[in-house]
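Step one of this worksheet: look at the structure below.
Lettering follows sequence order; numbering is per chain, from 1.
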Number of protein chains: 2
Amino acid sequence: MGRMNQLTQPRPSFKAQMHQAREDAIVAATSRLLGEKGFETMTVDEVAAAVGIAKASLYKHFAGKDDLCAAAMVHVVARLQRFLDALPDELGPVQRLQALLHWLLQLQLGDETPLLPERNSALAQTLRGCDLYHACMQEVSARILAWIAQAQAAGQLRRELPPEVILCARLARAADPMLPLLRERGHDDADILAWAMDSCLGGLVARPAAMLT
Amino acid sequence: MGRMNQLTQPRPSFKAQMHQAREDAIVAATSRLLGEKGFETMTVDEVAAAVGIAKASLYKHFAGKDDLCAAAMVHVVARLQRFLDALPDELGPVQRLQALLHWLLQLQLGDETPLLPERNSALAQTLRGCDLYHACMQEVSARILAWIAQAQAAGQLRRELPPEVILCARLARAADPMLPLLRERGHDDADILAWAMDSCLGGLVARPAAMLT
DNA sequence: GTCTATACAGAGATAGAC
DNA sequence: GTCTATCTCTGTATAGAC
């Protein structure tokens with residue numbers, strides 16, 4: 001019996017591994033196409049073609065386009081979680097937040113799935129009903145909020161803004177229209193990245209000058 | 001002949017006026033639906049229904065959905081131009097820029113067509129080929145760039161950022177994902193507006209603190 | 001120029017053999 | 001579980017009468 005178990009139970013079995021691998025490939029392809037073309041424009045046929053399987057096979061893994069794309073979004077959040085996990089312990093809160101911003105901006109410049117669904121996309125509606133997605137987002141939000149609170153306490157982030165606002169301001173950079181706008185005008189990704197970080201963190205008005213009216 | 005002219009030429013004739021009025025109504029409805037639902041989700045049937053005419057009649061005015069929505073986008077830019085025209089002469093460049101930002105943010109909060117097409121929307125591709133749209137955008141960009149240059153010269157805007165970057169940073173606020181994000185979390189539009197302006201102009205890091213790494 | 005009715009295409013989803 | 005072939009629905013666009 002023990003030997004049987006070793007052969008059948010110990011790990012997912014080749015079949016299950018294949019299954020999982022294919023599912024991962026599907027999610028990866030979806031994630032890429034979602035970033036390149038957006039939810040409405042992307043088609044399930046394209047995903048199937050990209051993976052190299054038939055569309056019907058895809059529907060054995062996922063209930064529908066919504067389901068598929070929700071999984072892709074969860075995949076992106078999971079990547080973010082792993083990134084946050086991998087941050088060196090010696091980094092302070094501000095440095096962590098800066099690294100996060102850098103990561104989000106690079107993600108968009110790489111034409112990958114943005115962390116946030118596009119405004120008014122049907123995907124946004126779907127995600128509202130996806131508990132797994134909300135749980136992941138909740139987890140990363142809590143972690144980031146803690147860093148923000150620390151940075152504010154240390155006087156490194158502006159205290160006038162609620163932590164939640166700073167959180168949203170950061171996350172929103174993942175889909176900032178400024179990046180495509182500058183790219184369209186022919187700038188290098190490296191420049192765009194630097195400007196985006198600078199304008200987000202430092203703002204637009206001059207330093208010692210008058211505050212808002 | 002002169003009298004004939006007075007009767008026939010002097011103004012568009014009732015028919016033409018009706019035509020123009022209907023066309024305006026179509027564009028207005030399109031603009032609203034475009035803001036509410038986005039290009040891909042919005043349907044021509046909905047526009048026709050909103051105006052109260054048959055879809056076929058709509059196609060007598062516009063060649064297709066692309067054409068229709070391009071007209072709507074031009075309409076939005078034209079509104080922006082009128083807003084800029086109406087700014088009081090006594091306002092300085094910084095105040096003008098601030099008013100502009102306020103206007104753009106309010107536009108988005110009102111669920112109207114954002115000044116910029118959504119990322120990866122088919123509309124963006126269409127607009128690339130629309131000379132009228134580019135001409136309008138070029139005109140407003142030039143005007144705003146002039147104010148930015150003045151404000152930078154006066155030390156009121158950061159000189160480290162190229163004027164073009166500041167321009168894009170402003171315009172991009174018209175489609176900033178931060179607004180929907182904060183709204184989803186249950187905040188008032190007034191608060192969101194204030195936070196968006198503050199974080200855009202003043203940035204996130206504390207004032208006298210260390211610069212970027 | 002406006003309508004009703006319809007053609008046409010694309011994409012999501014499924015049936016049924018293997 | 002995967003495939004090929006097909007269904008079905010939705011949405012763009014047009015034909016043709018008035």
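- Using modelled atom types, one finds no donor on one side chain facing an acceptor on the other under 3.5 Å when comparing B:Asp85 with B:Gln81.
- Using a 4.0 Å heavy-atom distance criterion, A:Lys65 is classed as a sugar-phosphate-only contact.
- Rounded to whole Å, atom C1' of C:dA11 lies 14 Å from atom CG of A:Leu68.
- Look at B:Arg22 and you'll find a side-chain N or O under 4.0 angstrom from OP1 or OP2 of C:dT2.
- In this structure, CG of A:Leu58 is placed 12 Å from C1' of D:dG1, rounded to the nearest angstrom.
- Distances from the side chain of B:Asp45 to the nucleotides D:dC3, C:dC3, D:dG11 place D:dG11 closest.
- The distance between atom NZ of B:Lys55 and atom P of D:dA13, rounded to the nearest whole Å, is 9 Å.
- At whole-Å resolution of the value, OH in B:Tyr59 and C1' in D:dG16 are 18 Å apart.
- Judged by a 6.0 Å distance limit and a 45° cone about the ring axis, B:Lys65 is not positioned over the six-membered ring of B:Tyr59.
- Look at NZ on A:Lys60: it is 10 Å from C1' on C:dG16, rounded to the nearest Å.
- Contact check on B:Glu164 versus A:Arg185 returns a salt bridge, with a Lys/Arg side-chain nitrogen under 4.0 Å from an Asp/Glu carboxylate oxygen.
- Going from atom CE of B:Met18 over to atom P of C:dG1 covers 11 Å, rounded to whole Å.
- Around CG of B:Asp131, the count of heavy atoms belonging to other residues, nucleotides or ligands within 6.0 Å does not exceed 12.
- Electrostatic pairing of A:Arg183 and A:Asp188 does not count as a salt bridge here, judged by no charged N lying under 4.0 Å from a carboxylate O.
- Positionally, the nearest nucleotide of DNA chain C for B:His19 lies more toward the 5' end than for the other of B:His19 and A:Gly64.
- Along DNA chain C, the nucleotide closest to A:Ala63 and the one closest to A:Thr43 are compared, and the more 5′ of them pairs with A:Thr43.
- Of the candidate nucleotides C:dT14, C:dG1, D:dT14, C:dG1 has the atom nearest to the side chain of B:Lys15.
- To the nearest angstrom, C1' of D:dT12 lies 18 Å from NE2 of B:His61.
- Taking only side-chain nitrogens and oxygens, B:Ser57 comes nearer than 4.0 Å to OP1 or OP2 of C:dC3.
- Within 4.0 Å of A:Met42, counting heavy atoms only, lie sugar-phosphate atoms of the nucleic acid but no base atom.
- Summarising the geometry, the separation between CZ on B:Phe62 and P on C:dG1 is reported as 13 Å, rounded to the nearest angstrom.
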